[in-house]
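What follows is one structure encoded as structure tokens, with my remarks underneath.
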Amino acid sequence: MRTIDVSEITKNIKEMCIEANHFLSKDMDVALKNAVKTEESPLGRQILDQLQENLQIAAKDMIPICQDTGMAVIFMEIGQEVHFEGGSLEDAINEGVRQGYTEGFLRKSVVGDPILRENTKDNTPAIIHYSIVEGDKVKIKVAPKGFGSENMSRVFMLKPADGIEGVKNAILTAVKDAGPNACPPMIVGVGVGGTFEKCALMAKEALTREVGSHSDIPWVKELEEEMLDKINRLGIGPGGLGGTTTALAVNVNTYPTHIAGLPVGINICCHVNRHIIREV
């Protein structure tokens, strides 16, 4: 059994919230730089160049890479041999978010009630997902999610007979409907299988997978590659102003499902696709 004081979780999440909002992850940095080289539209290349300039200014002057610093989404992968001490784990996670957003001077975008809409003034509470795994480590994924792209997300409850073509149509429909509203070039996270909520959760976590990597399942890898090609043929392009770079990656996660269903979740993220992963 390994003991971890929850203050260590608070410290890491605070740092991760600040880092994710100020610096692009390495995989996204490489993907955007490659996009500048391959984009066929002159206007598209100009927009991608402007995005690069924005990122450089943000890093140099320590200002957020996007004005919408998002709602903090946290994935906690906890080893079953870990024991937490020093207080509530969930309180410690939210305290890390509070410190990160207040001390990092990040925009506070969370309202305490979805109808009354009074700002909580510290960007808490976070959206927290827990999973218990083997071992004595804790893997933390922090993914601040802006709502320009979040609002473009979809869940399709397909019939089993819709099959793989139905899945492809659902992905393309979601991206077409999103158009420029998701701040392309986008990352498209997809969850296939499970239940209504499981497919959405898989789509969300798929956004944290390294850009350029693929599923180990052959048909899923083929789907990811085909959908990226088809999405980039839609002509939406950088900033929604036309071009050949509408998406940088399509990441698909799958899970067993019921004999009567084929749930498909699509969670789209903008060109910054903020995510950071640490192991404690």
Side-chain angles (χ1 to χ4, degrees), residues 1-28 59 62-66 68-114 116-147 150 189 197-198 200-210 253 267 269 272-280:
M1 184 66 69
R2 177 180 173 224
T3 299
I4 299 176
D5 195 288
V6 295
S7 63
E8 186 70 14
I9 303 299
T10 296
K11 173 180 176 292
N12 275 278
I13 288 179
K14 169 190 172 180
E15 294 171 352
M16 293 167 80
C17 285
I18 294 172
E19 183 175 339
N21 273 294
H22 287 88
F23 304 100
L24 207 63
S25 61
K26 289 182 180 179
D27 59 325
M28 286 298 299
M62 199 59 184
I63 55 178
I65 53 181
C66 177
D68 182 355
T69 53
M71 191 168 190
V73 179
I74 317 278
F75 292 91
M76 297 291 295
E77 204 171 281
I78 302 168
Q80 61 188 15
E81 295 174 34
V82 171
H83 169 69
F84 292 104
E85 66 177 12
S88 160
L89 174 61
E90 191 144 326
D91 287 349
I93 293 169
N94 279 311
E95 178 61 17
V97 172
R98 186 194 69 78
Q99 291 180 17
Y101 276 78
T102 54
E103 295 177 31
F105 302 102
L106 303 173
R107 195 182 84 179
K108 295 26 170 223
S109 302
V110 175
V111 294
D113 184 285
L116 301 181
R117 309 200 69 82
E118 181 179 352
N119 199 295
T120 63
K121 297 183 174 59
D122 59 9
N123 225 58
T124 66
I127 304 297
I128 309 170
H129 304 289
Y130 299 97
S131 60
I132 306 299
V133 299
E134 294 182 352
D136 64 355
K137 300 288 193 301
V138 177
K139 181 183 285 187
I140 307 170
K141 297 179 182 179
V142 173
K145 191 65 164 66
F147 264 58
E150 185 73 359
E197 81 281 7
K198 179 65 175 178
L201 181 56
M202 287 192 293
K204 175 75 71 179
E205 191 162 18
L207 295 173
T208 67
R209 193 209 298 169
E210 184 175 338
N253 289 338
N267 194 214
C269 200
V272 292
N273 188 35
R274 291 164 295 201
H275 61 280
I276 182 170
I277 302 172
R278 286 188 186 180
E279 190 173 83
V280 176

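Numbering of residues begins at 1 and proceeds along the displayed sequence.
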Crowded around [X] [atom1]? As in, over 12 foreign heavy atoms under 6.0 Å?
X      : atom1 : value
Glu134 : CD    : no
Tyr130 : OH    : yes
Glu118 : CD    : no

Of the non-hydrogen atoms in [X] and [Y], which two are nearest, and what is the gap between them?
X      : Y      : value
Ile78  : Val82  : CG2-CB, 4.3 Å
Asp136 : Arg2   : O-NH1, 2.8 Å
Ile9   : Ile93  : CG2-CG1, 4.0 Å
Ser25  : His275 : OG-CE1, 3.3 Å
Arg274 : Cys66  : NH1-CB, 4.0 Å
Pro125 : Asn94  : CA-OD1, 3.4 Å

- Query: Can you name the salt bridge (Lys or Arg N to Asp or Glu O under 4.0 Å) partners of Arg107, sequence neighbours left out?
  - Reply: Asp68

- Message: If you apply the rule side chain to side chain contact (heavy atoms under 4.5 Å, CB included), what do you find for Leu106 with Asn123, and how did you get there?
- Response: CA-CA 9 Å; Leu106 303 173; Asn123 225 58; over 6 Å; no

- Item | Verdict with supporting geometry, Glu90 and Ile74, side chain to side chain contact (heavy atoms under 4.5 Å, CB included) | CA-CA 11 Å; Glu90 191 144 326; Ile74 317 278; over 6 Å; no

- Query: Just by distance, do the side chain of Thr10 and the backbone of Ala92 share a donor-acceptor pair under 3.5 Å?
  - Reply: yes

- Query: For the side chain of Asp5 and the backbone of Gly86, is there at least one donor-acceptor N/O pair under 3.5 Å apart?
  - Reply: no

- Among Arg98, Lys14, Lys11, which one satisfies salt bridge (Lys or Arg N to Asp or Glu O under 4.0 Å) with Glu103? Lys14

- From CA spacing to verdict: side chain to side chain contact (heavy atoms under 4.5 Å, CB included), Asp122, Tyr101: CA-CA 6 Å; Asp122 59 9; Tyr101 276 78; 6.0 Å; no

Euclidean distance, [Y] [atom2] relative to [X] [atom1], rounded to 0.5 Å:
X      : Y      : atom1 : atom2 : answer
Glu210 : Lys26  : CD    : NZ    : 10.5 Å
Gln99  : Ile13  : CD    : CD1   : 10.5 Å
Glu15  : Arg278 : CD    : CZ    : 4.5 Å
Met76  : Ile132 : CE    : CD1   : 9.5 Å
Asn273 : Lys145 : CG    : NZ    : 8.0 Å
Glu19  : Asn21  : CD    : CG    : 10.5 Å

- Item | Side chain proximity check, Lys108 to Thr120, heavy atoms < 4.5 angstrom | no

- Can you find a heavy atom in the side chain of His129 that is under 4.5 Å from one in the side chain of Lys141? no

- Message: The criterion is side chain to side chain contact (heavy atoms under 4.5 Å, CB included); which residues satisfy it with Glu77, sequence neighbours excluded?
- Response: Ser131, Val133, Lys139

- Query: Just checking, any donor-acceptor pair under 3.5 angstrom between side chains of Glu150 and Asn267?
  - Reply: yes

- Across all chains, not counting sequence neighbours, the ring-ring contact (aromatic ring centres under 6.0 Å, His included) partners of Phe23 are none

- Message: Under the criterion side chain to side chain contact (heavy atoms under 4.5 Å, CB included), I'd like the reasoning laid out for Asp27 against Arg209: C-alpha separation, chi angles, the key distance, then a yes or no.
- Response: CA-CA 9 Å; Asp27 59 325; Arg209 193 209 298 169; over 6 Å; no

- Item | side chain to side chain contact (heavy atoms under 4.5 Å, CB included) partner of Phe75, the single match among Ile127, Val142, Leu201 | Leu201

